[in-house]
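Report on the structure given below.
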2 protein chains.
Amino acid sequence: MTTINSETEQKILRAAMQIFSIEGFKGARMQEIADKAGINKALLHYYYRNKETLYKASFDTLTFKIFTQVNLTLHKDTPLFTKIENIVAAYIDLIVETPEVPQFILNGIINNQDELIKNMQELPLDIKPFMQQIQNEILKGNIKPIHPAELLINILSLSIFPFAARPVITNVVGKNIEFNFDEFIKSRKKTIPEFIINAIKVEK
Amino acid sequence: MTTINSETEQKILRAAMQIFSIEGFKGARMQEIADKAGINKALLHYYYRNKETLYKASFDTLTFKIFTQVNLTLHKDTPLFTKIENIVAAYIDLIVETPEVPQFILNGIINNQDELIKNMQELPLDIKPFMQQIQNEILKGNIKPIHPAELLINILSLSIFPFAARPVITNVVGKNIEFNFDEFIKSRKKTIPEFIINAIKVEK
DNA sequence: AATTTTCTTAACCAAATAGTTAAACCATAA
DNA sequence: TTATGGTTTAACTATTTGGTTAAGAAAATT
């Protein structure tokens with residue numbers, strides 16, 4: 001490859017991320033990925049020695065994108081409540097843009113790709129400043145005592161889970177009432193931060 | 001089989017649920033399931049014609065267990081806040097007991113087993129009374145306005161997601177601070193309901 | 001004791017699929 | 001023009017694995 005990231009390589013990566021997300025590691029076929037990328041199997045192996053290599057490249061690309069994004073939001077010097085809004089919005093936008101992300105990550109976990117998870121430790125995500133900010137707000141009496149890690153996990157849970165569980169949600173809820181998932185997600189950018197802020201803020 | 005559910009059949013189902021949870025449908029090997037069940041492949045096919053049958057049986061067994069449990073909690077005639085505590089506790093207990101559940105369900109989703117998801121519609125889960133109860137509390141001014149379905153989804157998100165994302169959480173959080181997942185989960189039976197109730201209750 | 005059901009062993013088949021290889025084509029840049 | 005590296009085609013291999021089969025052993029049922 002002449003350039004560090006040739007166009008073809010990008011096409012392959014994009015295709016691989018999609019197929020792996022939907023099919024999982026074992027379920028994905030190299031032929032299918034090649035087809036989706038608009039190339040052939042031989043060229044696929046020309047760029048990526050084997051399935052593992054391709055999978056790892058896909059996983060790394062996605063996680064790096066997410067972690068960088070989240071890390072950026074966490075480090076910006078904004079008031080806590082605004083920051084919470086930003087984190088939620090960043091997550092939701094990211095997932096709407098590339099809906100395969102949560103499935104892919106969870107699939108990576110499920111397939112017990114321990115190595116991959118270990119590699120995530122190398123990724124840029126430093127939650128200490130955010131945790132410090134929360135501690136400060138607690139000390140100042142602005143929010144109720146809560147473990148900073150727990151607050152972060154709650155934010156992630158509320159933002160990500162509905163995407164992973166989408167089919168179950170639409171079926172179970174839709175069975176009972178009128179329900180439009182896309183509208184629901186749109187509204188969540190507002191309702192999640194509201195929910196969280198209500199949960200932690202101290203009435204004065 | 002003479003009895004409706006022979007001991008062997010149970011052993012197979014248990015093994016299948018575990019393997020399918022970890023490996024997914026494609027990733028699971030019949031031989032591996034047979035080994036885990038302590039029997040041989042021929043007998044496996046003696047009880048379950050093929051992989052699909054076995055997968056469906058596993059999925060149905062698990063989902064039926066969950067849905068029945070949750071449905072029971074939702075229908076009990078308890079005050080809303082108590083009910084929220086009960087739902088969370090029921091979920092956490094259930095997952096701690098059979099940790100493969102969330103992974104299995106998500107794997108089912110990922111593998112696009114549309115049929116299976118459709119089958120879930122047949123399962124006993126009627127959320128209307130719970131939604132009615134929430135509406136009543138809103139009208140009585142006891143809790144802030146929130147879409148009942150959204151509240152339910154929030155409850156599920158906070159309860160289930162950490163299990164699905166466990167490896168990521170332990171790595172990311174553990175990288176920054178001392179973190180014990182089991183203790184964290186234990187504490188969640190209290191902190192999740194607190195968090196939710198704080199988020200929705202009206203100060204008087 | 002006779003019979004039916006459950007279970008094992010072990011060999012086998014067929015399909016799917018990861019990965020290889022070789023020969024040739026094509027664009028581009030030296 | 002020629003050399004190089006990206007790309008295609010197509011055939012081939014080796015392996016994995018779902019599923020079958022047959023013969024019989026063990027256990028339960030009659």
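Each chain gets a letter, A, B and so on, in the order its sequence line appears, and its residues count up from 1.
Using a distance-only test at 3.5 Å, with no hydrogens or angles considered, a donor-acceptor pair links the side chain of N171(A) to the main chain of P167(A). Proximity of a side-chain donor or acceptor of T63(B) to a complementary backbone N or O of D60(B) within less than 3.5 Å is detected. A donor-acceptor contact shorter than 3.5 Å links the side chain of K83(A) to the backbone of K76(A). No side-chain donor-acceptor contact under 3.5 Å links Q133(A) to the backbone of L74(A). A side-chain donor-acceptor contact under 3.5 Å links K51(B) to the backbone of A28(B).
Considering only side-chain N and O atoms, S6(B) lies nowhere under 4.0 angstrom from the phosphate OP1 or OP2 of dT6(C). Using a 4.0 Å cut-off, no side-chain N or O of Y46(B) falls inside it from OP1 or OP2 of dC7(C). Contact check, T8(B) against dT6(C): no side-chain N or O comes under 4.0 Å of OP1 or OP2. For dT6(C), the OP1/OP2 oxygens have no side-chain nitrogen or oxygen of Y47(B) closer than 4.0 Å.
What separates CG of N40(A) from C1' of dA18(C) is a distance of 15 Å, to the nearest Å. For the pair D35(B) CG and dT8(C) C1', the interatomic distance rounds to 14 Å; values are reported in whole Å. Computed from coordinates, the I19(A) CD1 to dA18(C) P distance equals 12 Å when rounded to whole Å. The interatomic distance linking L43(B) (CG) with dA10(C) (P) rounds to 16 Å, in whole Å. Put simply, CD on E9(A) is 16 Å from P on dG5(D), counting in whole angstrom units. Between the CD1 atom of I39(B) and the P atom of dA26(D) there is a distance of 19 Å, rounded to whole Å. Distance, E7(B) CD to dA27(D) C1': 13 Å, rounded to whole Å.
Each of L54(A), L13(A), I39(A) was evaluated against I33(A); a single residue qualifies, L54(A), per the side-chain contact (heavy atoms from CB on, under 4.5 Å) test.
Each end of the helix from dA1(C)-dT30(D) to dA30(C)-dT1(D) gets its own axis, taken as the rotation carrying the C1' atoms of four end pairs onto the next four within a five-pair window, and the two axes meet at 10° to the nearest 10 degrees.
The aromatic rings of F184(A) and F181(A) lie tilted to each other, with the angle between the two planes from 30° to 60°.
The aromatic ring centroids of F59(A) and F64(A) lie 6.0 Å or more from each other.
No side-chain heavy atom of I196(B) sits less than 4.5 Å from a side-chain heavy atom of F81(B).
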Review point. Using a cut-off of 4.0 Å between protein heavy atoms and nucleotide atoms, how would you tag nucleotides 14-20 of chain D 5' to 3' with B, S and -?
Key: ---SBBB
